[in-house]
Protein chains: 2
Amino acid sequence: LRISELSQATGVPVPTVKFYLREGLLRAGELTSPNQASYGDGHVRRLRLIRALIDIGGVSIASVKGVLAALDDPELSVHDLLGSVQYALRPAQPRDDPQWRAAYAEVNEFLAGTGWRLREHAPGRVRLADVLHALRSRAGEPVSAEAAFGPYVQVAAQIADEEIASLAPADAPREALAEQVAVGVATSDAALSALRLLAQEDASARRYG
Amino acid sequence: LRISELSQATGVPVPTVKFYLREGLLRAGELTSPNQASYGDGHVRRLRLIRALIDIGGVSIASVKGVLAALDDPELSVHDLLGSVQYALRPAQPRDDPQWRAAYAEVNEFLAGTGWRLREHAPGRVRLADVLHALRSRAGEPVSAEAAFGPYVQVAAQIADEEIASLAPADAPREALAEQVAVGVATSDAALSALRLLAQEDASARRYG
């Protein structure tokens with residue numbers, strides 16, 4: 001493919017493709033003449049992944065580079081690659097405040113009870129601690145991690161199992177798998193949140209309407 | 001209660017309480033002397049609601065006023081009050097673009113198929129259209145509302161039913177009900193998203209690890 005055809009195949013404008021080439025997000029094509037390069041299916045797949053990360057996921061160029069490095073590391077398992085995509089899309093920053101640390105410790109204890117196999121630096125731990133800390137910062141009754149998150153564990157596992165089962169098999173092109181995860185992470189939160197609030201409206205109509 | 005006691009009971013600093021009084025978010029207390037006013041349980045409940053909306057929900061003062069107006073309107077049912085809280089926390093803006101309008105129309109058709117009783121201006125409709133539009137803006141296969149959202153309908157209804165069932169009964173103080181909904185909306189998205197991503201990590205470890 002010429003660069004103009006690569007652009008057509010992916011819907012990415014030529015100047016943007018050139019920008020990605022300069023930034024090193026996209027490997028240079030094979031030179032067919034001093035002024036012309038040829039691009040292949042690998043470029044198409046990679047461009048689709050980059051666009052999913054940036055356009056739908058809102059990921060920074062720096063984080064995209066991290067994901068692409070994971071993609072190109074043959075030592076990295078598919079599981080670790082998917083983790084790097086997830087973490088790039090939903091990063092989190094631990095805090096130093098002692099009350100936050102206490103919430104974080106309790107979250108980790110709670111998560112240990114789920115039996116899930118989780119990395120120690122999974123940002124979801126930090127994000128749960130943020131929620132627990134926010135709930136506790138209000139005057140009133142103390143809130144335990146179990147009370148706050150327990151009701152969601154089974155349902156979260158059920159959704160996640162279906163989502164992972166719907167992904168391509170481990171021998172699919174790594175870009176395609178990473179793209180599926182990127183689009184899924186970026187859109188499913190919004191979709192599930194909106195559907196849940198709509199379903200609440202229906203449940204509220206039945207209970208209070 | 002004096003203003004200092006009201007502050008202690010709610011954890012809201014006195015200057016902030018005075019700001020809410022000036023802004024009309026909080027009704028004036030009963031004057032017990034030219035320089036002193038007395039506050040009651042209603043003030044405590046209302047302050048807790050205001051803090052939940054602002055601190056945890058990130059709602060603007062203007063939107064808080066809208067929720068409080070709904071709270072004080074005796075004609076408004078509990079169902080409509082809860083809707084006003086939900087909409088203040090998760091507003092959405094329809095767009096004018098024809099492709100977005102097509103996605104919006106398809107979302108509404110899809111939602112009609114769920115049988116849920118929904119208001120015509122429910123912002124969740126707009127937010128689902130945003131997701132569908134984003135998915136479709138990518139080059140590649142077209143995506144239907146059914147394919148994008150169908151897998152989440154049952155699980156969203158299940159979570160929502162439990163959440164609404166856990167609320168106080170219809171004859172509870174309206175501020176307390178509104179506060180429960182505000183805290184729930186503000187924190188459950190984050191909690192469910194984090195738990196779902198953690199559960200995905202476990203499911204990915206089992207499938208690809």
Side-chain angles (χ1 to χ4, degrees), chain A residues 9-11 48 51-52 55-56 77-79 82-83 86 90 111 116-119 122 124 127-128 130-131 134-135 137-139 148-149 151-153 155-164 170 183 185 187 189-205 207-209, chain B residues 9-11 51-52 55-56 77-79 82-83 86 90 111 116-119 122 124 127-128 130-131 134-135 137-140 148-149 151-153 155-164 170 183 185 187 189-205 207-209:
Chain A
T10 57
R48 285 181 58 97
R51 293 305 276 193
D55 292 350
I56 306 199
S77 69
V78 168
H79 173 59
L82 301 189
Q86 217 203 46
R90 293 281 182 272
L111 287 172
W116 294 343
R117 258 194 286 171
L118 303 174
R119 297 186 191 84
R127 292 168 59 223
L128 287 179
D130 288 342
V131 172
L135 286 171
S137 66
R138 305 165 62 233
F149 308 130
Y152 293 108
V153 165
V155 84
Q158 178 190 334
I159 302 173
D161 280 353
E162 285 170 26
E163 286 172 327
I164 295 297
V183 173
V185 170
T187 58
D189 278 349
L192 186 57
S193 160
L195 281 172
R196 209 184 94 245
L197 293 182
L198 290 166
Q200 280 183 357
E201 185 167 323
D202 174 60
S204 162
R207 178 156 184 206
Y208 300 112
Chain B
T10 57
R51 294 303 276 192
D55 291 350
I56 306 198
S77 69
V78 167
H79 173 58
L82 300 189
Q86 217 203 47
R90 292 284 182 271
L111 287 173
W116 294 343
R117 258 195 285 172
L118 303 174
R119 295 185 193 85
R127 292 168 58 222
L128 288 179
D130 288 342
V131 173
L135 286 170
S137 67
R138 307 166 59 234
F149 308 130
Y152 293 108
V153 165
V155 85
Q158 178 189 335
I159 304 172
D161 280 352
E162 284 168 28
E163 287 173 326
I164 295 296
V183 173
V185 170
T187 59
D189 279 348
L192 186 57
S193 160
L195 281 171
R196 210 184 93 244
L197 293 182
L198 291 166
Q200 280 184 357
E201 185 168 320
D202 174 58
S204 161
R207 178 158 184 203
Y208 300 112

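Scope of the values below: all heavy atoms of this structure, side chains included, with no hydrogens, waters or symmetry mates. Chain letters run A, B, ... following the sequence lines, proteins first, then strands; residues in each count from 1.
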If you round to the nearest 0.5 Å, how far is [atom2] of [Y] from [atom1] of [X]?
X: B:H79; Y: A:R207; atom1: NE2; atom2: CZ; result: 13.5 Å
X: B:L135; Y: A:T187; atom1: CG; atom2: OG1; result: 5.0 Å
X: B:L192; Y: A:D189; atom1: CG; atom2: CG; result: 8.0 Å
X: A:S137; Y: B:I56; atom1: OG; atom2: CD1; result: 5.0 Å

Which atoms of A:L82 come close to chain B, meaning under 4.5 Å heavy atom to heavy atom: side chain ones, backbone ones, both, or neither?
side chain
Check each atom of A:R90 against the heavy atoms of chain B and say whether the ones under 4.5 Å are side chain, backbone, both or neither.
side chain
Closest heavy-atom pair, B:F149 versus A:L195, reported as atoms and distance to 0.1 Å, is O-CD1, 3.8 Å
Between B:A122 and A:L198, which heavy-atom pair has the shortest distance, and what is it?
CB-CD2, 3.8 Å
Side chains of B:Y152 and A:E163 only: does a donor on one sit below 3.5 Å from an acceptor on the other?
yes
Under 4.5 Å from any heavy atom of chain A - which part of B:Q86:
side chain
Pick from B:D130, B:V183, B:L128 with the largest number of heavy-atom pairs that fall under 4.5 Å of chain A
B:L128
Using a cut-off of under 4.5 Å on heavy-atom pairs, state which of B:V185, B:D161, B:L197, B:V131 scores highest against chain A.
B:L197
Could you have a look at [options] and say which one has the most heavy-atom pairs with chain B under 4.5 angstrom?
options: A:A191, A:A190, A:G209; value: A:A191
options: A:A160, A:A199, A:A157; value: A:A199
options: A:E201, A:R51, A:R119; value: A:E201
options: A:S204, A:A52, A:A203; value: A:S204

